[in-house]
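Notes follow the structure.
Just so you know, residue 1 is the first one in the sequence shown, and it goes up from there.
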Amino acid sequence: MNWVMVNLWVKGAFERRRYMNLVVQRACHPQLRDYIHSAVFGLLPFIQKGMVERAAVIFFNTDGIPVERFVFKLAVNQSYGSKVEDANLEFSLRSFLIKLSVSESLTKVLPRDYRWEITAYFRSLPEASANKDVEQWIPTDTRQWEQPPLLTPIKSMSSEPLCVQLYIEHPSLSEPKP
């Protein structure tokens with residue numbers, strides 16, 4: 001099941017900032033920054049429970065067809081509980097952010113009128129009545145490609161209890177054109 005939070009891309013919406021002694025992109029506009037923060041932290045309880053298989057940032061053309069997906073495949077080892085070595089996890093996250101920052105050459109330059117959304121793919125559906133965090137996510141029928149996508153691996157990170165794979169998906173060259 002896919003759940004989504006939707007937003008529009010705005011040129012110049014991000015600025016270079018330092019985080020964990022690295023240069024990263026940060027949203028300039030407070031509402032965009034709040035949206036991203038809300039989406040990420042809204043998923044956190046579900047990720048911690050192992051319910052989220054993947055989270056993706058999907059870019060759509062003006063016809064609503066996906067043209068590019070940044071996919072974060074997630075696995076959380078539930079047996080760790082709260083016994084996590086912060087230094088090990090921070091070191092792995094830093095290397096992940098470094099690789100992410102140099103992956104821009106693998107992306108497409110998208111027109112200004114394209115939109116994007118953050119989509120979560122759940123292993124099991126969260127109970128809406130049991131958790132207020134579910135209320136900010138809505139089921140979606142995001143269009144999928146007919147052919148298997150072209151995958152470009154970016155980075156894998158395994159630092160118990162968290163394992164993350166990041167890859168970009170583009171439509172197959174044999175994908176029917178709209």
Side-chain angles (χ1 to χ4, degrees), residues 1-20 22 24-60 64 66-84 86 89-90 92-97 99-101 103 107 110 114-144 154-169:
M1 178 68 165
N2 310 352
W3 289 45
V4 64
M5 290 184 86
V6 181
N7 204 329
L8 300 175
W9 175 258
V10 179
K11 184 176 176 147
F14 294 88
E15 63 185 356
R16 294 167 51 100
R17 298 289 277 232
R18 287 193 102 37
Y19 177 70
M20 292 178 20
L22 297 170
V24 296
Q25 297 292 319
R26 179 177 174 223
C28 298
H29 195 279
Q31 287 178 320
L32 179 57
R33 195 168 41 244
D34 290 347
Y35 163 75
I36 294 168
H37 183 270
S38 170
V40 172
F41 281 91
L43 273 179
L44 190 57
F46 305 114
I47 292 170
Q48 289 170 331
K49 293 176 186 169
M51 296 173 74
V52 177
E53 176 190 353
R54 295 173 286 148
V57 178
I58 307 173
F59 295 88
F60 296 90
V67 295
E68 187 170 71
R69 285 189 187 112
F70 280 79
V71 180
F72 296 83
K73 189 173 181 180
L74 307 165
V76 178
N77 185 339
Q78 300 295 312
S79 67
Y80 269 73
S82 61
K83 302 173 288 201
V84 177
D86 288 342
L89 189 56
E90 184 175 327
S92 295
L93 286 172
R94 282 187 87 249
S95 69
F96 198 84
L97 290 171
K99 187 65 174 182
L100 183 59
S101 68
S103 65
T107 64
L110 301 175
Y114 280 23
R115 67 178 186 85
W116 60 276
E117 67 185 30
I118 298 173
T119 300
Y121 299 87
F122 284 78
R123 288 184 177 89
S124 59
L125 295 178
E127 293 292 327
S129 61
N131 194 327
K132 69 176 180 70
D133 295 319
V134 173
E135 295 171 7
Q136 69 180 353
W137 293 89
I138 55 172
T140 182
D141 58 353
T142 298
R143 292 170 83 175
Q144 303 295 321
I154 303 295
K155 178 74 176 163
S156 291
M157 177 193 93
S158 183
S159 182
E160 292 294 343
L162 179 65
C163 297
V164 181
Q165 290 181 333
L166 171 62
Y167 53 93
I168 300 174
E169 293 181 350

Problem - Arg33 versus Ala27, closest heavy-atom pair with distance - result: NH1-O, 2.7 Å
Exercise for the section: To the nearest 0.5 angstrom, please state how far the CG atom of Leu74 sits from the CD1 atom of Ile47. Expected result: 5.0 Å
Exercise for the section: Measure the shortest side-chain to side-chain distance between Phe72 and Ile154 over non-hydrogen atoms and say whether it is less than 4.5 angstrom. Expected result: no
Handout entry: Backbone N/O of Gly50 and side chain of Arg123: donor-acceptor pair under 3.5 Å
Key = yes
Problem - Test log, rule side-chain contact (heavy atoms from CB on, under 4.5 Å), inputs His29 and Tyr35 - result: CA-CA 10 Å; His29 195 279; Tyr35 163 75; over 6 Å; no
Handout entry: Non-hydrogen atoms of Tyr121 and Arg69 that approach each other most closely
Key = OH-NE, 4.1 Å
Fill in the blank from the handout: Output for pair (Thr119 OG1, Arg54 CZ), nearest 0.5 Å, gives 10.0 Å
Problem - Side-chain touch Arg17/Gln25, heavy atoms, less than 4.5 angstrom - result: no
Problem - Geometric class of the Phe59/Trp116 ring pair [parallel <30°, tilted 30-60°, perpendicular >60°] - result: tilted
Problem - Any donor-acceptor pair under 3.5 Å from Arg115 side chain to Phe60 backbone - result: no
Practice task
Answer yes or no: are there more than 12 heavy-atom neighbours, outside Arg18 itself, under 6.0 Å from its atom CZ?
Solution key: yes
Problem - Reported CD-to-CD distance for the pair Glu169 and Glu68, which is rounded to 0.5 angstrom - result: 10.5 Å
